[in-house]
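Here's the structure we're looking at; comments come further down.
Just so we're on the same page: letters track the sequence lines, and every chain starts at 1.
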Number of protein chains: 2
Amino acid sequence: MHSEVVASRSADQRDSSRESRNGGSPQLDAVSLAIIQQLQEDGRRPYAAIGKAVGLSEAAVRQRVQKLLDQGVMQIVAVTDPLTVGFRRQAMVGINVEGDVESIADALTDMSEVEYVVMTAGSFDILAEIVCEDDDHLLDVINKRIRALPGVRSTESFVYLKLKKQTYMWGTR
Amino acid sequence: MHSEVVASRSADQRDSSRESRNGGSPQLDAVSLAIIQQLQEDGRRPYAAIGKAVGLSEAAVRQRVQKLLDQGVMQIVAVTDPLTVGFRRQAMVGINVEGDVESIADALTDMSEVEYVVMTAGSFDILAEIVCEDDDHLLDVINKRIRALPGVRSTESFVYLKLKKQTYMWGTR
DNA sequence: ACCGGACCTTGCGGATTTCGCAGATGTGGT
DNA sequence: ACCACATCTGCGAAATCCGCAAGGTCCGGT
């Protein structure tokens, strides 16, 4: 039979009851974690190779991956460096709102230039990341479109000077 | 022969000289953009299917994708929802620095809990996103590790209440 | 006008991967 | 004990990947 992790597999599986002690919706066991880890290194890695690495058959890996995708636990996608794709201006915008915060957040979500929207506790109600082609574009989005939303009390912008880190390695620790 | 886009293909390719008017380092033409778009929808989509969609042969798509990966223009990876993977506390931290900003940014980059680091213009010198398992963990990272860095003058935290949008759709517009 | 380079196409096998299904195996509920 | 359910394994069959070779076209340089 194949390799390293195999011996302890059946035990590991039973562990899934324990792992499910995370509060997340569809509980993840150690094996699924390992699979995700593999796919975080290379989203196109073949199922057989993953199976060998985590101690599962090719078919089993396939089923797990499919379920993880169906459940929305993960997705396999191409991610790009905004700079090389022609977006030269980015900014984080802190927003303060009067009235319904969530409806403002929804409005931001509908803007294609807005890459990231999160409601927060602290001196901002919402943080939104904006990706634009140039300064004009950025100015337009912030001043004409965001500030124009009814209920937006104030905004503060943090223009990106240099992106130092950007990982997609959740669950890898 | 195959299908829709074929007729206008040779013309499209010649357009690539125009598209290269973006300032990005390794200029991207419209076809590569379209390929990226396909892989943003499904990172495992077969080359033949992509070729049909963008009007290229399977072999050509294969070569392009390989080059895009080699050049670091894009990567194909699994991305997960932090919540379901067991990280229940996230925050954005604004940091003010005295002295060398970049060395502080580098120090943050080395922390595994720090998912995102960017140097900014505005009332913060650095923004860092932190992903933690629970409140204790978050508190530890912010108070014990970040504030402990020599040169960090002050920090302000924005704990995430609700993530509303998170896309990886750059270049898709 | 000519050549070289970059890129695409078509075509082709062979190795690899994907995919569906049937047959274990283990677990929990009644 | 027995059944329902979930999961894993083990296959072939089909599809995909991958390298390679032989052109073709367009462009820029000399």
Worksheet item: Do A:Arg153 and A:Phe124 meet the cation-pi criteria used here (NZ or CZ under 6.0 Å from the six-membered ring centre, within 45° of the axis)?
Response: no
Item to complete: Indicate whether any N or O donor in one side chain lies under 3.5 Å from an N or O acceptor in the other, for A:Asp70 and A:Gln66.
Response: yes
Could you tell me the separation between the [atom1] atom of [X] and the [atom2] atom of [N], rounded to a whole number of Å?
X: B:Asp29; N: D:dC26; atom1: CG; atom2: C1'; result: 14 Å
X: B:Leu56; N: C:dA6; atom1: CG; atom2: C1'; result: 14 Å
X: B:Leu28; N: C:dC7; atom1: CG; atom2: P; result: 13 Å
X: A:Ile50; N: D:dC8; atom1: CD1; atom2: C1'; result: 16 Å

Worksheet item: For D:dT7, does either OP1 or OP2 sit under 4.0 Å from a side-chain N or O belonging to A:Lys67?
Response: yes
Can any side-chain N or O of [X] pair as donor or acceptor with the backbone N or O of [Y] at less than 3.5 Å?
X: B:Asp42; Y: A:Val77; answer: no
X: B:Thr84; Y: B:Asp81; answer: yes
X: A:Ser103; Y: A:Asp100; answer: yes

Worksheet entry | salt bridge (charged side-chain N to carboxylate O under 4.0 Å, His left out) partner of B:Asp106, chosen from A:Lys162, A:Lys165, A:Lys164 | A:Lys164
Worksheet entry | Spacing of OH belonging to A:Tyr116 relative to OG1 belonging to A:Thr109, to within rounding of 0.5 Å | 12.0 Å
Worksheet item: Charged N to carboxylate O below 4.0 Å: is that the case for B:Glu113 and B:Arg145?
Response: yes
Under-3.5 Å N/O pairs linking protein and nucleotides 18-21 of chain C:
residue: C:dT18; atom: OP1; partner: B:Arg44; partner atom: NH1; Å: 2.9
residue: C:dT18; atom: OP2; partner: A:Tyr47; partner atom: N; Å: 2.9
residue: C:dG20; atom: N7; partner: A:Arg62; partner atom: NH1; Å: 3.0
residue: C:dG20; atom: O6; partner: A:Arg62; partner atom: NH2; Å: 3.2

Discussion item. Need one value for A:Ala60: base, sugar-phosphate or nothing, where a base atom within 4.0 Å counts as base even if backbone is also close, heavy atoms only.
Written reply: base
Worksheet item: How bent is the helix from C:dA1-D:dT30 to C:dT30-D:dA1, comparing axes over its five end pairs at each side, to the nearest 10°?
Response: 40°
